[in-house]
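Down below is the structure, laid out as structure tokens.
Scope of the values below: all heavy atoms of this structure, side chains included, with no hydrogens, waters or symmetry mates. Every value quoted in this text rests on a predicted model; they were computed, and no experiment measured them. Positions are given from 1 along the sequence.
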Amino acid sequence: MDIVEISWMLWATLAVALIIYYLSILTRDSCSARKPPGPRPHPFIGNLLHLRGGNLHHTLARLARIHGPVMRLKLGLTTAVVISSCDAAREAFMRHDRRLAARAVPDATHAFGFADRSVVWLPSSDPLWKTLRGVVASHLFTPRSLASARSVREHKVRELVSYFRERAGREVEVGHAVYGGVLNLVSNVICSVVVVDIGADSATGLRKVVEDLVELIATPNVSDLYPFLRPLDLQGWRRFAAKHLEKIFSILDGIVDRRVEEVRSSSSKERQNSDFLDALIKLMSTGKMARDNVTSILFDVFTAGSDTIAITVEWAMAELLRNPSIMDKARAEIKGVLGDKETIEEPDAASLPYLQAVVKEAMRLHPVAPIMLPHKAVEDGVEVCGYAVPQGATVIFNVAAEVDFKGKDFEFIPFGSGRRMCPGLPMAERVVPHILASLLHAFEWRLPDGASSAEQLDVTEKFTTANVMAVPLRAVPVAIT
């Protein structure tokens with residue numbers, strides 16, 4: 001038998017398996033009561049053609065206006081239920097939080113064993129998830145932990161302001177600089193390390209590696225659309241992800257190894273000012289945490305914390321530049337409340353209600369994660385607005401225009417809700433207003449020479465898993481004398 005015959009037999013076998021699998025799905029689905037409405041799926045590919053063009057969250061919102069706030073899609077051979085209203089989200093989280101608390105795990109995240117040790121991807125029923133989540137919540141984001149690290153965060157914000165001050169009167173790429181500043185802020189809080197020079201290529205390089213990995217996870221993968229093909233990794237995404245993860249984890253492993261050696265060679269008196277990494281190493285040394293879990297937690301916090309904060313600040317600055325009168329009001333509030341105070345501190349930003357409203361409005365207009373990370377129905381019995389969500393279905397919450405970000409007001413949930421709500425919310429709600437207030441307090445901001453009018457500033461969105469500006473924001477900081 002030659003290679004051509006073998007190839008034809010392989011493809012014929014795959015085709016037959018695909019048909020049998022697809023028919024079994026149709027048979028099973030036909031027995032479910034009150035399926036959510038949705039666009040009619042095509043054979044084998046489902047509704048993939050309905051998702052072409054534009055950003056996914058806008059496409060899903062457009063389809064929801066036709067088919068309703070609880071909508072069913074077929075993505076290849078997998079079923080997805082899209083929830084697009086605050087009432088439906090409220091019912092889903094309040095009545096079925098436990099049943100929806102697993103993740104729809106992309107195949108690429110299984111590279112390097114990552115999905116099996118990441119607090120992002122583990123199901124909430126897994127004891128390891130509960131352990132890791134508890135460690136992050138109790139050692140990093142408690143009021144006491146946040147208070148103890150406040151001076152570190154404020155120092156890094158002052159460094160960011162100094163970076164812009166050195167470039168006063170010149171055009172700067174706002175998001176790039178803010179990302180470097182936030183990355184150093186997060187790295188100093190968790191492990192007392194400066195990882196990049198603000199505005200330097202090192203920040204771009206590290207961000208590029210992480211962005212490539214995140215975009216890879218968000219890229220349509222035949223292994224996710226047709227799960228029985230996963231062992232083949234036909235597109236090579238899992239192999240590609242493994243290379244990126246190995247590169248990032250080698251950096252983090254180096255940080256951990258150096259700290260372990262420092263702890264071994266120093267006395268307890270010399271290490272009184274401990275950080276989050278010290279707490280992790282102590283847990284590891286007492287057998288309460290595995291070594292690879294330490295690196296995984298660092299990776300989760302780095303990637304989730306840095307990008308979301310930096311992107312939110314960039315969107316807020318873009319909207320303020322588009323609306324100069326609102327920027328003037330925000331700056332007037334800062335002047336009126338703080339007077340001639342030279343440096344803004346975190347509690348100062350918390351006392352600025354108009355500025356806080358600006359942050360919320362920026363997040364409403366441009367949520368960083370507009371569809372959040374997909375959930376998964378782990379049990380039957382989930383009903384939302386009278387529609388059944390089948391066991392095993394991917395559940396997508398399409399965050400709409402809403403008003404508060406605590407995860408309880410279901411008109412605005414950019415940080416998620418329920419047991420999978422982002423644990424970093426307490427830090428984000430301190431850092432984002434503080435950075436924004438500091439930039440408005442220190443500078444007047446103008447569009448570059450030759451730019452179009454403020455109203456025409458390009459705020460086109462580019463969305464993969466994070467909702468970023470398609471055209472990075474460039475502006476000129478003018479120092480206030």
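When the shell of 6.0 Å around NZ of K376 is examined, it contains 12 or fewer heavy atoms from other residues, nucleotides or ligands. Residue K341 qualifies as enclosed at atom NZ: its count of foreign heavy atoms under 6.0 Å is above 12.
The aromatic rings of H42 and H50 sit parallel to each other, their planes meeting at less than 30°, with 60° as the upper class boundary. Ring pair F443/W445 is perpendicular by interplanar angle, where above 60° counts as perpendicular and below 30° as parallel.
Of the possible polar contacts, none joining the E314 side chain to the V174 backbone as a donor-acceptor pair under 3.5 Å is found. Although no hydrogens or angles enter the test, the distance criterion places a donor-acceptor pair under 3.5 Å between the side chain of N221 and the main chain of S223. Within the 3.5 Å criterion, the main-chain N or O of P227 finds no donor-acceptor partner in the side chain of R230. Side-chain atoms of R52 never come within 3.5 Å of backbone atoms of L48 as a donor-acceptor pair (strictly under, hydrogens ignored). When atom types are taken as modelled, the side chain of W121 and the backbone of P106 share no donor-acceptor pair closer than 3.5 angstrom. In terms of modelled atom types and a separation under 3.5 Å, the side chain of N184 and the main chain of G181 share no donor-acceptor contact. Put simply, the side chain of D107 never gets that close to the backbone of D224: no donor and acceptor are under 3.5 Å apart. S351 places a side-chain N or O within 3.5 Å of a backbone atom of D348 that can act as its donor or acceptor partner. A donor-acceptor pair is defined here as one N or O able to donate and one able to accept, closer than 3.5 Å; no such pair exists between the side chain of N398 and the backbone of S84. Panel note: side chain R103, backbone P123; no donor-acceptor pair is recorded below 3.5 Å.
Residues Y226 and I45 are in side-chain contact: their nearest non-hydrogen atoms beyond the backbone lie under 4.5 Å apart. By the 4.5 Å heavy-atom criterion applied to side chains, S124 and R98 are not counted as neighbours. In this structure the side chain of R153 reaches within 4.5 angstrom of the side chain of V431, judged on heavy atoms. The side-chain heavy atoms of L60 and L51, taken from C-beta on, include a pair separated by under 4.5 Å. For the pair D300 and V136, the minimum side-chain heavy-atom distance is 4.5 Å or more. Between R158 and T343 there is a side-chain heavy-atom pair separated by less than 4.5 Å. Contact of the V186 side chain with the V182 side chain is registered, since non-hydrogen atoms from C-beta on lie closer than 4.5 Å. Residues L440 and I334 meet the side-chain proximity criterion, which asks for heavy atoms closer than 4.5 Å.
The minimum heavy-atom distance between A428 and P433, with the atom names listed, is O-CD, 3.8 Å. Between V172 and F164, the shortest heavy-atom contact is CG2-CE2, 3.7 Å. For the residue pair V368 and T308, the shortest heavy atom distance occurs at CG2-O, 3.8 Å. What you find for F249 and S296 is that their closest heavy atoms are CE2-OG, 4.0 Å. Across V70 and A88, no two heavy atoms sit closer than the pair CG2-CB, 4.0 Å. Closest approach of P370 to N467, counting heavy atoms only: CD-CB, 3.8 Å.
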In sequence, state the C-alpha distance, the side-chain angles, and the governing distance for R446 and E444, and then conclude on salt bridge (charged side-chain N to carboxylate O under 4.0 Å, His left out). CA-CA 7 Å; R446 301 172 185 170; E444 293 181 359; 3.6 Å; yes
Worked verdict on I396 versus V81 for side chain to side chain contact (heavy atoms under 4.5 Å, CB included): CA-CA 6 Å; I396 298 170; V81 175; over 6 Å; no
Verify ring-ring contact (aromatic ring centres under 6.0 Å, His included) between F93 and H375, making sure each step is shown before the conclusion. CA-CA 11 Å; F93 281 119; H375 292 239; 5.8 Å; yes
Can L320 and L436 be said to form a side chain to side chain contact (heavy atoms under 4.5 Å, CB included), step by step? CA-CA 10 Å; L320 287 170; L436 189 61; 4.0 Å; yes
Take E154 and R150, measure what salt bridge (charged side-chain N to carboxylate O under 4.0 Å, His left out) needs, and give me the verdict at the end. CA-CA 6 Å; E154 290 177 341; R150 176 185 144 190; 2.8 Å; yes
Please determine whether salt bridge (charged side-chain N to carboxylate O under 4.0 Å, His left out) holds for the pair K156 and E159, giving the CA-CA distance in whole Å, both sets of side-chain angles, and the decisive distance to 0.1 Å. CA-CA 5 Å; K156 291 302 165 185; E159 285 186 354; 3.1 Å; yes
Candidate pair V256 and L277, rule side chain to side chain contact (heavy atoms under 4.5 Å, CB included), full reasoning: CA-CA 8 Å; V256 176; L277 179 54; 4.1 Å; yes
Test salt bridge (charged side-chain N to carboxylate O under 4.0 Å, His left out) applied to E171 and R474, step by step: CA-CA 6 Å; E171 182 180 324; R474 304 190 72 85; 2.4 Å; yes
Given I326 and Y354, is the side chain to side chain contact (heavy atoms under 4.5 Å, CB included) satisfied, shown in steps? CA-CA 9 Å; I326 294 177; Y354 191 82; 3.5 Å; yes
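Rounding to the nearest 0.5 Å gives a distance of 7.0 Å between NE2 of H96 and CD of E383. Rounding to the nearest 0.5 Å gives a distance of 10.5 Å between CZ of R117 and CG of L122. Separation of atoms CG (L183) and CG (D307) is listed at 9.0 Å; rounding is to 0.5 Å. Taking OG of S151 as the reference point, atom NE2 of H155 lies at 9.5 Å (rounded to 0.5 Å). For the atom pair L365 CG and W315 CH2, the distance stands at 9.5 Å (nearest 0.5 Å). Distance check: I190 CD1 to I297 CD1 gives 10.0 Å after rounding to the nearest 0.5 Å.
Side-chain contact check for D458 and T460: at least one donor-acceptor pair (N or O, by modelled atom type) lies under 3.5 Å. Side-chain polar atoms of S148 and S145 form no donor-acceptor pair below 3.5 angstrom. No hydrogens or angles considered: a donor-acceptor pair under 3.5 Å links the side chains of H57 and E461. Side chain to side chain, H366 and E319 meet the donor-acceptor criterion of an N or O pair below 3.5 Å.
Y163 carries R167 over the face of its six-membered ring, with the cationic atom under 6.0 Å from the centre and within 45° of the normal.
When the salt bridge (charged side-chain N to carboxylate O under 4.0 Å, His left out) test is applied to R99, the partners found at least two apart in sequence or on another chain are E379.
In this structure, the ring of H110 has its center no less than 6.0 angstrom from the ring center of F114.
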